[in-house]
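Heads up, the thing below is written out as structure tokens.
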Amino acid sequence: MYLLVNRTGNGDILVLPLDPDGRAAGTGRRLTKQEFPAYALAREPGLPRWVWEDTSRIYPLLLTAGVRVHRAHDLRLCHAILRQSSLTRSSTLGRAEDSRWDRAPASEPDPGASGSTLFDLFDDADDESGVIDEFERQLAAVRNSAEPGRLRLLLAAESAGALIAAEMQFTGLPWRTDVHDALLTRELGPRVGPGLRPERLERLADSIRAAVGEPRLNPDSHPDLLRALNQVGLRVTSTRAWELQELAHPVIEPLLEYKKLARLLSANGWYWMDTWIVDGRFHPEYIPGGVVTGRWATRGGGALQLPKQVRGAVVADAGWKLVVADAAQLEPRILAALSADTAMAAAGRGTDLYAGIVAGGVVESRDHAKVAMLGAMYGATSGESGRLLPRLAKAFPRAIALTETAARAGERGESVTTRLGRSSPHPDERWQATQAQAYDPGATEADERRARSQAREWGRFTRNFIVQGSAAEWALCWMAEIRRELRMLPLAGTGDSGSEFDHAPHLVFFLHDEVMVHTPAVLAGAVEEIVRSAADTAGRHLFGDFPVDFLLTVATVDSYAEAK
DNA sequence: CTCCATTGCGCG
DNA sequence: AAAGCGCGCAATGGAG
């Protein structure tokens with residue numbers, strides 16, 4: 001059963017039951033914002049699927065009232081998928097002109113809170129039926145597509161992801177500011193005021209200045225630093241660490257150390273801590289579908305780039321544990337399943353996939369296996385990776401053929417589609433124009449070269465899209481399944497009935513192919529079991545009976561730094 | 001002053 | 001442009 005939720009201009013909530021085809025079925029109710037959570041809670045036992053425009057805007061209303069829902073359909077996210085998918089290209093939704101559903105949402109939080117806003121205009125222009133019509137179009141597009149089952153799974157997974165994202169932002173990641181502060185002080189020296197360098201950093205800056213003989217040099221200025229390096233005879237064209245690493249000169253060691261610590265200070269220093277850690281929790285804003293391939297993005301706080309350096313500050317509460325799980329070699333396993341390459345799937349059965357490739361005699365070392373695989377999925381042509389590719393192609397012809405086919409499609413400007421139906425965007429007009437230019441009778445050699453290089457570039461994008469995007473789908477299904485099973489977990493032993501989320505295991509972090517669950521210590525074993533079985537379930541959802549393993553590394557720890 | 005591109009580096 | 005995908009963010013410095 002569907003329950004459509006729509007917000008009126010004055011902040012009230014309209015709820016309307018819909019039939020399986022998305023048509024109004026029964027009478028609607030008008031609720032105030034305050035009444036809505038209790039209403040939702042009362043309906044949850046019937047496991048309705050809540051249909052709303054934007055989970056990130058409406059769900060916090062429920063979360064702040066302590067109410068969580070099982071299932072949702074996020075119209076904005078699902079629209080984006082169906083609009084682009086080659087599987088629904090001929091649907092009404094696929095053929096329509098751009099509408100408000102195709103425009104980025106205004107980033108104002110809580111539109112109902114203030115009086116007259118842009119949102120009121122929306123509501124006057126787009127009443128209830130606009131939302132119902134959109135939902136009907138989406139259901140029809142799925143129903144009439146060649147792969148309704150896959151698309152339904154994708155939309156459910158995407159929407160579940162939106163629920164999880166809102167919940168994780170709301171709950172936050174346990175973060176010990178005292179541990180973080182101690183770590184910063186150990187590395188950088190005691191905290192100093194804004195604009196000043198901590199002691200350790202200042203000393204390194206002095207060493208750098210002395211080594212290049214420029215007492216006033218600001219090591220944070222790339223142009224100045226580059227000039228100074230050239231001045232002392234170092235033939236570098238940039239100040240990148242990997243390039244400096246190769247050189248022998250007294251300035252190199254302090255400079256590399258400076259760069260590392262300066263990065264720590266600016267990216268995850270005290271200022272970051274003050275800004276993002278509230279009451280012992282890190283609350284990043286996750287953006288489901290924020291990356292073209294379907295991966296999540298984040299806004300603020302750099303949650304997807306938490307350096308290993310500071311992970312020690314992520315510590316479970318007293319009496320609690322962190323269960324950290326990581327899908328091992330996810331993308332190559334996805335590739336094996338996508339291409340039904342049984343030899344490659346076999347190489348990863350019950351073991352590290354790269355080790356399996358070595359054991360099969362394809363290459364000599366795990367490092368070679370890894371660099372060759374990554375190269376195949378990213379489109380490397382030269383170097384070690386390029387040299388090893390033929391051996392992979394011989395051992396795993398189906399897998400490599402799939403990546404090549406995806407690349408060729410991109411080079412022609414065509415889109416590619418993931419396992420569940422997310423399609424890559426088409427290249428823009430400038431790309432098309434450059435290609436057209438190369439076919440012009442008057443085209444120069446340079447025109448052709450430019451077109452070819454640009455075509456290859458887009459080919460590398462589509463080549464990777466199909467793997468990265470399908471892996472993102474697997475990860476969403478995995479996490480959705482974890483969430484579902486966690487909620488069914490009996491909370492015996494915690495002295496709690498289970499309605500209070502403060503006492504139940506819950507997801508607190510997600511990083512492309514890695515999840516973290518914060519759980520009462522007594523339930524850690526059960527959580528590990530759930531995380532593992534959810535991976536198998538996700539594999540079956542995407543690939544049916546195809547015999548591919550999705551191996552996990554799972555660790556129950558007190559601190560994130562202990563995982564891996 | 002604000003806006004924007006560039007550089008560099010963190011993550012998968 | 002590291003050799004090859006996808007991101008976010010901070011700092012700098014030039015342009016307006």
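So that the names make sense, note that chain A is the first sequence line, chain B the second, and so on, each numbered from 1. Keep in mind the model is a prediction, meaning the values are calculated, not measured.
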Describe the nucleic acid contact of A/Gly301 in one word from base, sugar-phosphate, nothing, applying a heavy-atom distance below 4.0 Å.
sugar-phosphate
Under 4.0 Å between a side-chain N or O of A/Thr298 and OP1 or OP2 of C/dC7?
no
Answer with base, sugar-phosphate or nothing: what part of the nucleic acid does A/Arg456 contact at a heavy-atom distance below 4.0 Å?
nothing
Is it the case that A/Thr417 and A/Ser423 place a side-chain donor and acceptor less than 3.5 Å from each other?
yes
What is the ring orientation for A/Trp272 with A/His180, classed by angle as parallel under 30°, tilted 30 to 60°, or perpendicular over 60°?
perpendicular
Choosing from B/dG12, B/dG8, C/dG4, which nucleotide comes nearest the side chain of A/Ser382?
C/dG4
How is A/Leu330 classified with respect to the nucleic acid when contacts are heavy atoms under 4.0 Å: base, sugar-phosphate, or nothing?
nothing
Which nucleotide wins on minimum distance to the side chain of A/Thr239, given the candidates C/dG6, B/dC11, B/dG8?
B/dG8
Closest heavy-atom pair and its distance - A/Thr418, A/Ile466:
CG2-O, 4.3 Å
From CD of A/Gln309 over to P of B/dG10, roughly how many Å is that when rounded to an integer?
8 Å
For A/Thr351 and A/Gly356 the tightest heavy-atom approach is CG2-CA, 4.4 Å
Over all strands shown, is A/Asn268 touching base, sugar-phosphate only, or nothing at heavy-atom distances under 4.0 angstrom?
nothing
Can a side chain N or O of A/Asn218 be found less than 4.0 Å away from OP1 or OP2 on C/dT12?
yes
Where do A/Arg422 and A/Glu158 land on the salt bridge (charged side-chain N to carboxylate O under 4.0 Å, His left out) test, with the steps shown first?
CA-CA 11 Å; A/Arg422 193 187 305 261; A/Glu158 186 84 342; 2.9 Å; yes
On DNA chain C, compare the nucleotides closest to A/Arg240 and A/Arg460; which residue's is nearer the 5' end?
A/Arg240
Within the structure shown, what part of the strands sits under 4.0 Å from A/Val371 by heavy-atom distance: base, sugar-phosphate, or nothing?
base
Picking from B/dG12, B/dG8, C/dC7, the nucleotide nearest the side-chain atoms of A/Lys259 would be B/dG8
Are the side chains of A/Thr55 and A/Leu77 in touch, meaning some heavy atoms are under 4.5 Å apart?
no
Paired with C/dG4: which nucleotide, if any, by Watson-Crick or G-U wobble criteria at under 3.5 Å for both distances?
none
Select base, sugar-phosphate, or nothing to describe what A/Ala241 touches, counting heavy atoms under 4.0 Å on all strands.
sugar-phosphate
Are C/dA2 and A/Trp242 stacked, with the base six-membered ring and the side-chain ring centres under 5.5 Å apart and planes under 30°?
yes
For the P atoms, the ones on B/dC4 and on C/dA3, what distance do you get once it is rounded to whole angstrom?
32 Å
Quick check for you: among C/dG6, B/dC11, C/dC9, whose closest atom lies nearest to any side-chain atom of A/Phe461?
C/dG6
hbond_proxy A/Arg299 side chain to C/dG8 base (donor-acceptor, 3.5 Å cutoff)
no
Taking atom P of C/dA10 as reference, at what distance in whole Å does atom CG of A/Leu264 sit?
14 Å
Nearest-neighbour nucleotide for the A/Ser385 side chain, C/dC7, C/dG6, C/dG4 considered
C/dG4
Selected nucleotide, minimal atom distance to A/Val291 side chain, candidates C/dC5, C/dC7, B/dG12
C/dC7
With the side chain defined as heavy atoms from C-beta on, A/Ser266 is closest, among B/dC9, C/dA11, B/dC11, to C/dA11
Both A/Gln468 and A/Leu265 contact DNA chain C. Which one's nearest nucleotide lies toward the 5' end?
A/Gln468
Taking C/dA10 as the reference, what is the distance to C/dG4 when you measure between their P atoms (whole Å, please)?
29 Å
Take the protein atom CG of A/Leu229 and the nucleotide atom C1' of B/dT7, then report the distance between them rounded to whole Å.
15 Å
